[in-house]
Number of protein chains: 2
Amino acid sequence: MDLARELGVSTATVSRALNGSSRVRPELAHRIREHARDRGYIANRHARALSSNSSRAFVGFVIPYVDTPAYSAVAAQCARLLSADGTQMILTITENDPRRELDQLRDLVATRVAGVVLSPSTGILPGTRELLQDLPVVQFHRGCGIDAPGVFSDDAALGDAVTRLADLGHRRIGYIGPSRSISNGARRLAAVRDGAAAAGLDPDALAVRLLEPATDHGAGAARELLHRADRPTALVVGGGTLSLSVAREVRSSGLRVPGDLSLVVYGDPAWFALHDPPLTVVSVDYPELARRAARLLVGRIGGDGPADDVLLTSELHPGGSTGPPPPGA
Amino acid sequence: MDLARELGVSTATVSRALNGSSRVRPELAHRIREHARDRGYIANRHARALSSNSSRAFVGFVIPYVDTPAYSAVAAQCARLLSADGTQMILTITENDPRRELDQLRDLVATRVAGVVLSPSTGILPGTRELLQDLPVVQFHRGCGIDAPGVFSDDAALGDAVTRLADLGHRRIGYIGPSRSISNGARRLAAVRDGAAAAGLDPDALAVRLLEPATDHGAGAARELLHRADRPTALVVGGGTLSLSVAREVRSSGLRVPGDLSLVVYGDPAWFALHDPPLTVVSVDYPELARRAARLLVGRIGGDGPADDVLLTSELHPGGSTGPPPPGA
DNA sequence: TTGAAAGCGCTAACAG
DNA sequence: CTGTTAGCGCTTTCAA
């Protein structure tokens, strides 16, 4: 209104000029924009959102944690990509608590977000499911059973790792990974079992330890496995945070890697290269995962038809931590 | 309006009931809330923000990156703490680009955020400074010259590290850290120099290499230092990402740690414990940093008077990567 | 091409 | 305690 008054035009014209409508005389539009800039005018997004009820001004990004490479990399990328569109990303941490998840989702609906990127918590609530139904959603990293596309890692490289270990002669292979109650836990375990089967090993003969997220850091499971009489000659880990603690536990067990024990971990090869020898790592291209998620969300918001899941190929990044089993075993 | 009609009351009463005003008959209030819940009513935050012009519905969180432990941990904590208040955190990545920073800040002003947590980019723009003036701001990790409190690490442990190395007998100490153009780069260099001086060493005799953020990963600087005729017998690194690449470079140089070279890095001890021997690490309590930042911001928003900077004590986490210099040196 | 005016969904005086 | 009503700052018909 101020601008309109000062320039002797109507608010409608100002609005049109500022929004780049072609239905205003270019010269006038230019003058208005100039004046707005000089005055340091910044349009109120709330008013805008309230008025034109359809906008992609905000999206939600709902994840269990962010202080983990997987999530932080993707959060960063998404915020970056979306901001280019003028879309603001509201970051929300569930800590894997279904109750929080629901509350936060409700808050996001309250700000009428255009869509949501979601990495669901473990025990997703019915109310949450309901909210999600009338919202463009992209699942990411983990899935819950809702009808929305998602971007995931195929985690096939975990299977490759097992196959390769079996080919090296390992017969007692251990696997420590996230619980099956998370979708990616189930997927990773399946990959590992497939890998064993592919090499002619009985999947049920694997020494498997599945852990609830953030409950335990895997050190206990590793210790237990490594102190058994028939301890595995190779250990595969299916989670980033788990990998760190398992690697530490292996170190403190005094076993030599790969002499006594072959070790394959999950996460960022750059960090696991600190280990001596550099660890063999199953990794995913997180920035790419993020790009796909962002693109998918934009598509959903844009009203594109039903989209397919994106399954990114995981990679087995060879290090020096795998070798033949020790002679005695 | 729907709720009001359906219950035969006015919108004002509904609003009051939903906002927990005491000026409505408890029984009625209860009935209204119940009905709202059943209908799945979720109040529009934009309308709310527009109407009651003062709200802490949104805050901005503006940082150069988030896929780095320092920032991701703090982002997570802040989002967590603020969401307890019903405040939504808009995450924004500048990539250390002043232009983006300004744009994003302008967008945040457009959504009338109650305040901003900011880790300024290197060459902050005048326009940015101006925007920041009439906004509750908390600086974090880095500072720019604006009049706003901040939370930082004191980085004094970097100085302790140098002192300790000098006490072990090291005379040629190298330092690789972030450029002085970032405030924490300057602070860390100062800490290192102080540490040298405290041990009776000439600060100017340190072999210092300062790097622009994200331009170079420190490997080059490390290589150069380690291949000099009078190569340092100890190396201190003043940045998390730098530490990783320097550690790798040291590894590939073939020098033994700490036999040939003592090494002190910066970051999360848990990760650097992967190295053999575990590296000595200068670390900061990031969750605590986040808590302080969140608390400070809430204070600012609440209109508390001028607040002081928070300087968190950094810690020297001893590993096995420091020892006396090699006999010959 | 421009203007007048009616909302968007809520809160907050101001009355009663 | 409750209702009426006037905005909050925009966008968007509908006319001109």
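Naming: A, B, ... by sequence-line order, numbering from 1 per chain.
Looking at heavy-atom distances under 4.0 Å, A:R16 makes contact with a base. A:T13 comes within contact range of the sugar-phosphate backbone alone, with a heavy-atom separation under 4.0 Å but no base atom that close. Within the 4.0 angstrom heavy-atom criterion, base atoms lie near A:R23. Heavy atoms of A:R48 sit under 4.0 angstrom from primed sugar atoms or phosphate atoms, though from no base atom.
Within 6.0 Å of CG in A:D147 there are 12 or fewer heavy atoms belonging to other residues, nucleotides or ligands. Residue-environment remark: CZ (A:R180) stays at or below the threshold of 12 foreign heavy atoms within 6.0 Å.
A ring-centre distance under 6.0 Å is not found for A:Y71 and A:F61.
A donor-acceptor contact shorter than 3.5 Å links the side chain of A:S10 to the backbone of A:T13. In this structure a side-chain-to-backbone donor-acceptor pair under 3.5 Å is missing from A:R300 to A:P149.
Position along DNA chain C of the nearest nucleotide to A:A12 versus A:S22 favours A:S22 as the more 5'-ward residue. Judged by closest nucleotide on DNA chain D, B:L28 is the one of B:L28 and A:T11 placed further toward the 5' end. The 5' end of DNA chain D is approached more closely, in terms of each residue's nearest nucleotide, by B:P26 than by the other of A:S15 and B:P26.
For DNA chain C, the outermost nucleotides in 5' to 3' order that have an atom under 4.0 Å from a heavy atom of chain A are C:dT1 to C:dG9.
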Inset, instruction - Would you please test B:F152 and B:N184 for side-chain contact (heavy atoms from CB on, under 4.5 Å) and show each step? - result: CA-CA 8 Å; B:F152 310 103; B:N184 51 15; over 6 Å; no
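Residue A:D2 contributes atom CG, which lies 9 Å from atom P of D:dG9 at whole-angstrom precision. One atom, NE2 of B:H46, and another, C1' of D:dC10, lie 13 Å apart when rounded to the nearest Å. Across the protein-nucleic acid pair, A:I42 atom CD1 and D:dG9 atom C1' stand 14 Å apart, rounded to whole Å.
The base of D:dG9 has none of its N or O atoms less than 3.5 Å from a complementary donor or acceptor on the side chain of B:R112.
Dashed line: the shortest gap from a side-chain N or O of B:S10 to OP1 or OP2 of D:dG3 is under 4.0 Å.
With D:dT2, D:dT11, D:dG9 as the choices, the nucleotide that has an atom nearest any side-chain atom of B:L50 turns out to be D:dG9.
We find that B:R106 and B:D103 are joined by a salt bridge, their nearest charged nitrogen and carboxylate oxygen being less than 4.0 Å apart.
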